[in-house]
There are 2 protein chains.
Amino acid sequence: MVRGRGHGRGAWWQDRFHDIGARVTAPREVVIDILHETNDHVSAADVYVKAHEINPSIGLTTVYRTLDMLTQMGIVQKFDVGDGKARYELVNNPDGKKHHHHLICLGCKAIIDYSEFLDDELEYIGKTQNRLSKKYNFTITDHAISFYGFCERCRSG
Amino acid sequence: MVRGRGHGRGAWWQDRFHDIGARVTAPREVVIDILHETNDHVSAADVYVKAHEINPSIGLTTVYRTLDMLTQMGIVQKFDVGDGKARYELVNNPDGKKHHHHLICLGCKAIIDYSEFLDDELEYIGKTQNRLSKKYNFTITDHAISFYGFCERCRSG
DNA sequence: CAATAAATGAAAATGGTTTTCATTATTAAA
DNA sequence: TTTAATAATGAAAACCATTTTCATTTATTG
């Protein structure tokens, strides 16, 4: 069965949209395509610039609305580095990038992705998630681990 | 040796200030006192309201500046729930509250603190932190673990 | 094809955070 | 102490990411 990275009728995320009664529209396709093609942690403005190149009629408002919707659906993770603008990235998913976490420099706000040591993580997170969801009667859909500190540059600066 | 919760001359954080050549001023004392007395995740505005009750001459700008400074020093952790305002809380410290992490509801943005299962965490985080700081030549000063999902209310809603 | 409802974009409004700058308070020096 | 140098403060203005409003367009349903 061919599914791959294509976005034809039936791409995985379109099913998710249909499930909740949301329409699959051109602007939404563009935004999701951009997220797929990016390995960065993009801001809404970043997405807007790229979307605008592809289709100048797409407005910033729609980008925000789409990113919010995707976040609500758990398709995108929104997070904050501390520089005043939210960042977005695709959550682990059939087509998406590998599960990873962040190393954030408090000096220059640089973000390093790491995806090593996932075995240990899986064990720890799985166990903890189970215990927490029981204890607090909470449906857990995602998690984030961030380490803060200083990169070499900012340490010596 | 009595240290307790007092903030007389020599309180732990004042030493930190002196170390970096920052002055110990009345507004800064007020802000730090407020953080000590709060178990919540306060916004800058929250701190401002309380500070203003204690000393009406304290301005919002100074609250922001003090919180930023404390964040830079690693005394306070700044984080974002996704509702547009930054939250602040004291990091684990001699006087501070217990090490904990967050369970964040994507529906109502409620934040549940949990501090259970710290033994497992200590093991996992300690190991991972070591490996990461070596591999990425990064000085790690702090970490955050957040679980996202839906509380009972928002799940059934 | 018509009717209904959802989605969109432009512009304006919002609101948290930062900057500016003149004043005040703190520290170090004499 | 008093004074000089410098850091910190507060009010107001500026900033800027995000949200709201609303008239228009587009997608679905019958």
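By convention in this document, chain letters (A, B, ...) are assigned in the order of the sequence lines, proteins followed by strands, and residues within each chain are numbered from 1.
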Task: Annotated protein contacts, base or backbone, on nucleotides 1-8 of chain C with a non-hydrogen cut-off under 4.0 Å, one of B, S, - each - done: ----BBSB
Open item on the list: Tell me the bend of the helix from C:dC1-D:dG30 to C:dA30-D:dT1 as the angle between end helix axes, each from five pairs, rounded to the nearest 10 degrees.
Closed with: 40°
Open item on the list: Main chain of B:H101, side chain of B:S146: is a donor-acceptor contact present, judged purely on distance under 3.5 Å?
Closed with: no
Open item on the list: Does A:D80 reach a base, just sugar-phosphate, or nothing at all? Heavy atoms under 4.0 Å.
Closed with: nothing
- [ ] Would you confirm whether A:D46, through its side chain, and A:S43, through its main-chain N or O, come within 3.5 Å as a donor-acceptor pair?
- [x] yes
Can you give the donor-acceptor pairs under 3.5 Å from side chains of residues 49-56 of chain B to other protein atoms, not counting sequence neighbours?
| from | atom 1 | to | atom 2 | distance (Å) |
| --- | --- | --- | --- | --- |
| B:H52 | NE2 | B:P56 | O | 3.0 |
| B:N55 | OD1 | B:S57 | N | 3.0 |
| B:N55 | OD1 | B:S57 | OG | 3.0 |

Task: B:N130: side chain to side chain contact (heavy atoms under 4.5 Å, CB included) partners, not counting sequence neighbours - done: none
Task: DNA chain C: 5'-proximal contact among B:G84 and A:V63 (nearest heavy atom) - done: A:V63
Open item on the list: I'd like to know if the side chain of B:S133 reaches the main chain of B:T139, judged simply by a donor and an acceptor atom lying under 3.5 Å from each other, with no hydrogens or angles considered.
Closed with: no
- [ ] Tell me, please, the opening and closing nucleotides of DNA chain D, 5' to 3', among those with an atom under 4.0 angstrom from a non-hydrogen atom of chain B.
- [x] D:dT6 to D:dA12
Open item on the list: Determine whether a donor-acceptor pair (N or O, by modelled atom type, separation under 3.5 Å) exists between the side chain of B:D68 and the backbone of B:R65.
Closed with: no
Open item on the list: Tell me every residue that passes ring-ring contact (aromatic ring centres under 6.0 Å, His included) with A:Y124, counting only those two or more places apart in sequence or in another chain.
Closed with: B:Y124
- [ ] Using the test ring-ring contact (aromatic ring centres under 6.0 Å, His included), find all partners of B:F79 that sit at least two apart in sequence or belong to another chain.
- [x] B:H41, B:H102
Task: Gap between atoms OH and P, on B:Y48 and C:dT18 respectively (whole Å) - done: 17 Å
- [ ] Pick base, sugar-phosphate or nothing for A:A45, based on heavy-atom distances below 4.0 Å to the nucleic acid.
- [x] nothing
TODO: Mind jotting down which residue pairs meet the side chain to side chain donor-acceptor pair (under 3.5 Å) criterion with at least one end in residues 74-88 of chain B? Sequence neighbours excluded, please.
DONE: B:Q77-B:D142, B:D83-B:R87
Open item on the list: Tell me every residue that passes salt bridge (Lys or Arg N to Asp or Glu O under 4.0 Å) with A:E116, counting only those two or more places apart in sequence or in another chain.
Closed with: B:K135
For nucleotides 11-13 of chain C, list the nitrogen or oxygen atoms of the protein found under 3.5 Å from its nitrogen or oxygen atoms, one pair per line.
| from | atom 1 | to | atom 2 | distance (Å) |
| --- | --- | --- | --- | --- |
| C:dA11 | N6 | A:T61 | OG1 | 3.4 |

TODO: Using the test ring-ring contact (aromatic ring centres under 6.0 Å, His included), find all partners of B:F150 that sit at least two apart in sequence or belong to another chain.
DONE: none
Task: Residue closer to the 5' end of DNA chain D, A:D83 versus A:V24 (nearest nucleotide) - done: A:D83
Open item on the list: Nearest whole Å is fine: how far is C:dT18 C1' from B:K85 NZ?
Closed with: 18 Å
Task: Validation row: B:T25, B:T62 side chains within 4.5 angstrom (heavy atoms) - done: no
Open item on the list: I'd like to check the salt bridge (Lys or Arg N to Asp or Glu O under 4.0 Å) partners of B:D120; sequence neighbours left out, ordered by chain and number.
Closed with: A:K127, A:R131
